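Working notes for the structure below.
In this text the structure is predicted, and so the values were computed from the model without any measurement.
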Amino acid sequence: MSVFTDINDRLFELRDEKYAEFQQKLTPTLTREDFVGVRTPQLRKLAKDLSRREDIADFLSALPHKYFDENQLHSFIISLQKDFDDCIALTEQFLPYVNNWATCDQLSPKIFAKHRTSLLPYIDRWLTSEHTYTVRFAVGMLMQHFLGEGFRTEYADRVAQIRSEEYYINMMRAWYFATALAKNYDTVLPYIEEKQLDKWTHNKAIQKSVESCRITDEQKSFLKSLRIK
């Protein structure tokens, strides 16, 4: 059985129509026809099974995929890769075809954590992409791998300097700064105090920070006072 037949059969065996409708509402950039309706834990399990196939490369190179669920599978399979160079190659091949925030955010290769220095040049290039979800992914990688002890202001500078009208880019930028405030409050606070972000992202970052349990009540009160009206 070809990998394509196997994937198609297994996806439709796991199909849940109501879940597909629910997913579409959360992903308004896609239509109902884009969803098979397979739940994430089932897709993760399927990805592990499929990653062992000798012909899985055929699926990974067959882009674009038809269904959201196939893109999710693709993200999970890439995220399981154990060789950094192979993982980067597969990520770069896939990113131009990522067409929604959920698939973008599910693409989270574990191997990147062991190769942060090598990852940075790719992040720099992705940040300058004209593709919405490539930029979103790059910001997500800075948030995931370069906050806390690995934080440098030059990384936050890169995110602060982005100017975009794309909702899904600016939402990730806001999420980045909210998380950065939770992990590196004193160093990141000047970005908010000095209003280095556009108004929407600035206020959204404050909103998400105020909603976080990792921000103290005192910090929340001060951040509220920095909202731009």
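Note that the CG atom of Leu60 and the CZ atom of Phe94 stand 9.0 Å from one another [nearest 0.5 Å]. Ile123 CD1 to Leu142 CG: the interatomic distance, rounded to the nearest 0.5 Å, is 4.5 Å. Atom CG of Leu226 is separated from atom CD of Glu194 by 11.0 Å, given to the nearest 0.5 angstrom. Distance CZ/Phe151 to CG/Asn184: 5.5 Å, rounded to 0.5 Å.
Residues Phe137 and Leu80 fall into different hydrophobic clusters, defined by Ile, Leu, Val, Met, Phe, Trp and Tyr side chains chained together at heavy-atom separations under 4.5 Å. Hydrophobic clustering (ILVMFWY, side-chain heavy atoms < 4.5 Å, transitive): Tyr97 and Leu30 are in distinct clusters.
When atom types are taken as modelled, the side chain of Thr27 and the backbone of Gln23 share a donor-acceptor pair closer than 3.5 angstrom. Put simply, the side chain of Arg136 gets close to the backbone of Tyr168: a donor and an acceptor are under 3.5 Å apart. Ser79 contributes a side-chain N or O that, together with a main-chain N or O of Ser108, makes up a donor-acceptor pair within less than 3.5 Å. Formation of a donor-acceptor pair under 3.5 Å by the Asn8 side chain with backbone atoms of Thr5 is not found in this model.
Other residues, nucleotides and ligands place more than 12 heavy atoms under 6.0 Å from the CZ atom of Phe4. No more than 12 heavy atoms of other residues, nucleotides or ligands sit less than 6.0 Å from atom CZ of Phe22. Heavy-atom contacts from other residues, nucleotides or ligands closer than 6.0 Å to NZ of Lys45 number 12 or fewer. Within a 6.0 Å sphere centred on CD of Glu54, heavy atoms belonging to other residues, nucleotides or ligands number 12 at most.
In terms of the side-chain contact (heavy atoms from CB on, under 4.5 Å) criterion, residue partners of Ala178 (sequence neighbours excluded) are, by chain and number, Lys208, Ser209. Applying the side-chain contact (heavy atoms from CB on, under 4.5 Å) criterion to Arg32, with sequence neighbours excluded, gives Arg15, Glu17, Ala20, Glu21, Gln24, Phe35. Contacts of Ser225 classified as side-chain contact (heavy atoms from CB on, under 4.5 Å), with partners at least two apart in sequence or in another chain: Phe222. In this structure Lys220 satisfies the salt bridge (Lys or Arg N to Asp or Glu O under 4.0 Å) test with no other residue, sequence neighbours excluded. Asp85 pairs by the side-chain contact (heavy atoms from CB on, under 4.5 Å) definition with Asp83, not counting sequence neighbours. Partners of Thr103 according to the side chain to side chain donor-acceptor pair (under 3.5 Å) rule, which considers only residues two or more places apart in sequence or in another chain, are Gln72, Asn100. Trp101 meets the side chain to side chain donor-acceptor pair (under 3.5 Å) test with no other residue; sequence neighbours excluded. Asp55 is linked by a salt bridge (Lys or Arg N to Asp or Glu O under 4.0 Å) to Arg53, counting only residues two or more places apart in sequence or in another chain.
The shortest side-chain heavy-atom distance between Asp198 and Thr201 falls under the 4.5 Å cut-off. Counting heavy atoms from C-beta on, the side chains of Lys48 and Arg44 never come closer than 4.5 Å. Tyr133 has its side chain within reach of Thr29: a pair of non-hydrogen atoms, C-beta onward, lies under 4.5 Å apart. In this structure, Leu90 and Leu107 have side chains that are not in contact, with every pair of non-hydrogen atoms separated by 4.5 Å or more. Between Arg214 and Lys183 there is a side-chain heavy-atom pair separated by less than 4.5 Å. Side-chain atoms of Leu197 and Val159, non-hydrogen and from C-beta on, never get closer than 4.5 Å to each other. Put simply, the side chain of Leu43 does not reach to within 4.5 Å of the side chain of Leu14, judged on heavy atoms. Side-chain atoms of Lys204 and Asn170, non-hydrogen and from C-beta on, never get closer than 4.5 Å to each other.
Residue pairs meeting the side-chain hydrogen bond (donor to acceptor under 3.5 Å, both in side chains) criterion with at least one member in residues 113-122: none, sequence neighbours excluded. Sorted by first then second residue, the side-chain hydrogen bond (donor to acceptor under 3.5 Å, both in side chains) pairs that include residues 145-154, not counting sequence neighbours, are Glu154-Arg158.
Ser51 and Ile56 get closest at one heavy-atom pair: O-CG2, 4.3 Å. When all heavy atoms of Ser129 and Val135 are compared, the closest pair comes out as O-CG2, 3.3 Å. Heavy-atom minimum distance, Trp126 versus Ala138: CB-CB, 3.6 Å.
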Would you be so kind as to tabulate the donor-acceptor pairs closer than 3.5 Å made by side chains of residues 61-69, with sequence neighbours excluded?
from	atom 1	to	atom 2	distance (Å)
Ser61	OG	Ala57	O	3.0
Ser61	OG	Asp58	O	3.2
His65	ND1	Ala62	O	3.1
His65	NE2	His74	ND1	2.7
Asp69	OD1	Val36	N	2.6
Asp69	OD2	Gly37	N	3.2
Asp69	OD2	Val38	N	3.0

- CA sep, side-chain torsions, deciding dist, call: Cys87, Ile78, side chain to side chain contact (heavy atoms under 4.5 Å, CB included): CA-CA 6 Å; Cys87 189; Ile78 290 177; 4.0 Å; yes
- Apply side chain to side chain contact (heavy atoms under 4.5 Å, CB included) to the pair Arg125 and Glu92, showing each step before the final yes or no. CA-CA 11 Å; Arg125 180 148 48 81; Glu92 295 222 280; 2.8 Å; yes
- Yes or no on side chain to side chain contact (heavy atoms under 4.5 Å, CB included) for Val139 and Ile169, after CA distance, side-chain angles and deciding distance? CA-CA 8 Å; Val139 176; Ile169 290 177; 5.6 Å; no
- Message: Under the criterion side chain to side chain contact (heavy atoms under 4.5 Å, CB included), I'd like the reasoning laid out for Ile215 against Leu223: C-alpha separation, chi angles, the key distance, then a yes or no.
- Response: CA-CA 10 Å; Ile215 300 288; Leu223 286 169; 4.3 Å; yes
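Arg173 has no carboxylate O lying under 4.0 Å from a charged side-chain N of Glu166, or vice versa, which leaves the two without a salt bridge.
Ring orientation note: the planes of Phe177 and Tyr191 are tilted relative to one another, at an angle of 30° to 60°.
Ile228 belongs to no multi-residue hydrophobic cluster, having no ILVMFWY side-chain contact under 4.5 Å with any other such residue.
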